[in-house]
Amino acid sequence: MIERAAVLTDDQGNVIVDPSALPENAGRHGGQRLTLQRHWEPAVEVPIPEGAGGHGGGDALLLNDVFQGHITEAGGDDWLERPSDWKDGLRSISVGLMGNESLRTGQPVSLEDLDLGVDLSR
């Protein structure tokens, strides 16, 4: 997915912040592309449904989740479990912490090795 193929400026030299506000000749077009290639099989293009608005419709889903308490437009359950809580944020940060510790020590690092004092198992 290419959100910003180039950093462009307007007529006054200001950087165009909204990546969707690109002129037609600004770079690559066509939205997102997902190519799947399983072992020993040919590559295939997988269509990606795109919603309206920024980030392929993801911004609207995020705002629904934050301000209305549900991520789906119809208000139903999200089978992809996209809404995140503070533990999900900590899980995400933990990946970087484990990677940095592994680089520092040269050893594998598990989540338990971080001893964060919080059960992050699912």
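Scope of the values below: all heavy atoms of this structure, side chains included, with no hydrogens, waters or symmetry mates. Because the structure is predicted, anything quoted here is derived from the model rather than measured.
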Just how far is it from atom [atom1] of [X] to atom [atom2] of [Y], taken to the nearest 0.5 Å?
{"X": "Leu103", "Y": "Met98", "atom1": "CG", "atom2": "CE", "result": "12.5 Å"}
{"X": "Ile93", "Y": "Leu114", "atom1": "CD1", "atom2": "CG", "result": "11.5 Å"}
{"X": "Leu111", "Y": "Leu116", "atom1": "CG", "atom2": "CG", "result": "6.5 Å"}

Might you point out which heavy atoms bring Gln107 and Ser102 nearest each other, and give the distance in Å?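 It is O-OG, 2.8 Å.
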Val109 versus Glu101, closest heavy-atom pair with distance: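 Heavy atoms of Val109 and Glu101 come nearest at CG2-CG, 3.7 Å.
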Is there a path of hydrophobic side-chain contacts, each under 4.5 Å between heavy atoms, that joins Trp86 and Leu97? yes
Donor-acceptor check, side chain of [X] to backbone of [Y], threshold 3.5 angstrom: yes or no?
{"X": "Ser94", "Y": "Leu90", "value": "yes"}
{"X": "Lys87", "Y": "Asp119", "value": "yes"}
{"X": "Thr9", "Y": "Asn14", "value": "no"}

Could you go through residues 34-42 and list every donor-acceptor pair under 3.5 Å that involves a side-chain atom there, pairing it with any protein atom two or more places apart or in another chain?
from, atom 1, to, atom 2, distance (Å)
Thr35, OG1, Glu45, OE2, 2.9
Gln37, NE2, Glu41, O, 3.1

Residues in side-chain hydrogen bond (donor to acceptor under 3.5 Å, both in side chains) contact with Asp113, at least two apart in sequence or another chain: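 Asp113 satisfies side-chain hydrogen bond (donor to acceptor under 3.5 Å, both in side chains) with Ser110 once adjacent residues are dropped.
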